[in-house]
Every structure is written in structure tokens, then in C-alpha cells.
Amino acid sequence: MTVRVRYPPSPTGLQHIGGVRTALFNYLYARVTGGTFVLRIEDTDQTRYDAEGVEDLYETLTWLGLKWDEGPKVGGDFGPYIQTERSGLYTSYAEALLESGHAYRAYDTQEELQAMRDAGKEYDRRFRDLSPEQHAEWEAKGIPSVVRFKVPLDGSTGISDVVYGDISWENQDIPVDPILMKSDGLPTYHLANVVDDHLMEITHIMRGPEWLPSAPLHVLLYEALGWEPPIYCHLPLVVGDDGQKLSKRHGATRVLEFRQKGYLPEAIINYLARVGWSYDDKTEIFSLADLERIFSLDKISKSPATFDYKKLDWINGHYIRELSVDALYERILPFLQADGLVDTPASSEQEAIVRGAVPLIQERLKHLTDATQQLRFLFVDPVDFDLSEMIPKKLDAAATVKIFEQIVPMVRAIADRTDEENEEIFRAQAAELETKLGNVLMPLRVAISGSRVSPPLFGSIRQLGGEEAAMRAERALRRLKETL
Ligand code: GLU
């Protein structure tokens, strides 16, 4: 069997991390089996259609490197891949179901249906068994009708799910006679989804657990149409650390929001692969290429999978450290530009400063966005930082001034020496002043960067330039003295 899998989102909103986990698993299964990954847009619910959602979908999958083999933009033998472009096609299947007695036309008005809902009643199936004459009478009234599926009133329907095992539903528990075709002539999700999965020769349905309750209805539809149902493989729920379905309450959920926050696509892919799937108990790091070789359905778990933001941060840091200096430069540049620290395009001087600073911050970055905060002092003079930050613990302003007065004249030359030379000189200086190295360097760090936390001090001064560093140190000393 040649595997054909699909990701068929409804463009009703922006791509959610849970949806993209589904896309990833489908993509990987296609790659591992030499199969085909189909992208299909299920947009038959025009009331909820969101054009931005479609763009967001393409951008998200492209950013993550999840190329679809067939679908919008790339085409394929089973197109079109946007359901509204296929709308003429569903009618014949609805007709076939009407003819074979598996479906019926219903003429309820919106008000009547609403009244049933308000009264907490199930749909009363009143058009289910009309005689041909009664049916003709209703048609003659010119009332718009929908096509409803005749769910069997007894018996049960089951699936054998790859992840959840054998599950069976009493047919009477399946929603009462769901609508297959709306009065506007468009199919509902159920009909369009089943017809398309069949016509597109989809072999495996891998999707979120929220679709599990729809599975028996789909199986009944396949049977009614005389088709073989595909293999079902429902994925585990993605939850936050409180065990509740992952939502905005837990943090970012929209995939491109992670991009904005400075996550690398490699990290998102790596992390998402582990949300409900594992290779073994210990391996944490997987590239997309690794996953394309080793992914397997039998290692998908059915227990809810926790989305752990801290773990994702750790993995993101890992991928940031793996990048070459040039690659990291390219990745952080847009963030520095968006923050207005660097021009677009960057001047050669700015480029040199940032390239030189990359090795200083690479080890410390968890997110690409952290670079803007860590490198800000190279572009913006932190003129009015809080002076008290300069004063080391256990020292007061006067003692700090005493030490700092000795240090300020030494600053300009730092830029011309190696770290080792600077280290040695300042250690000796601290010993002479009978104080700790930290008490010597901390006030300088604050004077230069405006903060107690900065990239390594000597390297930072080298990037800033000896002149500028000396100017900042002298000014800070003056300001501190004025407080005495
Ligand atoms: N259009 C459905 C969605 O929005 C597809 C569900 C399925 O995979 O069958 O997720």
C-alpha cells in the first residue's frame, strides 16, 4: 500500500501548535513510508472562513519546512485541493445517498430547529420516513431543504484505531441524522471530508482526538457509499501543565507567535515531534531529517501529551548554540532591525559590531529575541541607568567610587588586549585594591551596559570600542561622585 496522508485544516483561524503537531506527524509518516503528504483546505463553512487563516497556514508550514507533496499552490493529480473549488462534486454523492435510502431531505426552518435546541431536544427526524408523495408535497412548497444522513437507529459502529485500539459506539449515541448538504448546496465537513479522503485515496487518517467522536459517523458514511474506510490513527490531546487542553492561558499557541518570540523552526519541529511520540526514553534532540527516517506510528502514545514551554526553551537554546556565527547573525539581524537598533540594510559598521558580538551571546540566548536586549547597549548609550546598580553588595557609594576611580583610566586599553591579558591585569588590580574581582568589574559592567547582566565584559568593550567605553565609564564615575 502506498501511504497517502493529509492535513485538512478549516481556515477558521490561525495555525495552532496542536494543529501543526498533526501536520508534522502526517508529514513524517509520509516521509518515512515514501508516501504522499496532501494539504487540503476544508473551507465549506463559509460563515467561519478567514482569508488570513489560509495565508497563515501556508506561511506556518513553509516556515517549519513541512512541504506538502500535493495541495494548493503545488497541485497534484487529485485536485483541486480547496473544497469550495470542488463544490459541484459533492452533490452527486449526496444524491447517491438519497437514492440508496441512506439520506433524506429535511425541510425544517431555522426557527423550528432553534426551538428544538432551546427545548433541549434532539432533532426529531420528522422527515426521515416521508413517502414519495409527501416528499413531492414538501418540494412543491418551494421550502429550501438540507440533506440529512440516516444514522441507523440500532446496532453499533466501531473502528480499530492505531493509537486508541478498538472502539465501538452505539449508533443511537451518534448525533442524530447530521446534515450532509446545507440548503446553500455546500456540503458539511462530514460529507466533504469523507468524499475527499476517498477520492484522494487517503490511506491513513491521522488527526486530533477531538475528531474521534466523528469517526463512527464517517465509517457509516463510507459504508453507505460502498467504500472501504481508511485506517484511523487519532493523536493524543495536547495539554498544558495543568492537564487542560492547551490554550492561550498557558502561553503562546499560535505557531507564528513562536517565530515572533524568537524560536527557531528546528526547535519547534524537534519539540513537537515529542508531543505524543517518543523514539526511546532518552533521546531529546531530533532534526527534521532524523525524524523523516525514524518516525513510527507504534510509538505514538494515547495519554495526553503535555506541552512544556520550559523544555521547548531548552531545545531552542540548543539549536541556537548549534548555529554557526554567520547563521546566528542572519537569524538575529531581523530582530535587531525590528527593534530599531540596526538599520535595514545594516551598515557595514553595524554588521561588524553584531557579527563580533554573536560569539559573546550565543551561549546565553534562549530566544533570538533575547539578542536585542543583550546587545542594545552596543547601539544605545544607557545614559540614565539606575546608579545604585553600580554599587556592589557589601560596599557603599563612597567605597565604589574609590575602587572605580582606579579602574576608569584602564578602560580604554581593554579593547586592545586579549581576554587573558585583561583578566590578568584586572585580577592584579583587584588584589592591589584588596577587593574581589567582582567588585572591580561589576561597576564597570553597569557603567558600560546599564545593567548587571551583560555579555562578557571585555568582549563587550571590544565591540563597543575603547573610546566609547572610556567615555561611559568616566561619565558614570562623575555621576556616582555627585551622589556623595
Ligand atoms: N477540517 C477539519 C479540521 O479543521 C479536519 C479534521 C480531520 O482531519 O478530519 O481540523
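As the structure lists them, so they are numbered: ligands from 1, and atoms in each ligand from 1.
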(request) Sort out for me which residue in Leu39, Val54, Leu57 forms a side chain to side chain contact (heavy atoms under 4.5 Å, CB included) with Pro72. (result) Leu39
(request) Could you check Gln260, Arg331, Arg259 and say which one makes a side chain to side chain contact (heavy atoms under 4.5 Å, CB included) with Leu368? (result) Arg331
(message) Please work out, at 4.0 Å between heavy atoms, whether the side chain, the backbone, both, or neither of Asn193 comes within that distance of ligand 1.
(response) side chain
(request) Classify the contact between Tyr7 and ligand 1 as side chain, backbone, both or neither, using a heavy-atom distance cut-off of under 4.0 Å. (result) neither
(request) For a ring pair (Phe, Tyr, Trp, His ring centres under 6.0 Å) with Phe258, tell me which candidate from Tyr263, Trp63, Tyr271 qualifies. (result) Tyr263
For [atom], what's the nearest protein heavy atom and its distance?
atom                   : result
atom 3 (C) of ligand 1 : Trp211 CZ2, 3.4 Å
atom 8 (O) of ligand 1 : Arg6 NH1, 2.8 Å
atom 1 (N) of ligand 1 : Glu42 OE1, 2.6 Å

(request) Please find out if less than 6.0 Å separates the ring center of Tyr93 from that of His102. (result) no
(request) Would you tell me whether Asp242 and His250 have side-chain atoms, one donor and one acceptor, within less than 3.5 Å of each other? (result) yes
(request) Looking only at distances, please establish whether an N/O atom of ligand 1 is found under 3.5 Å from an N/O atom of Pro8. (result) yes
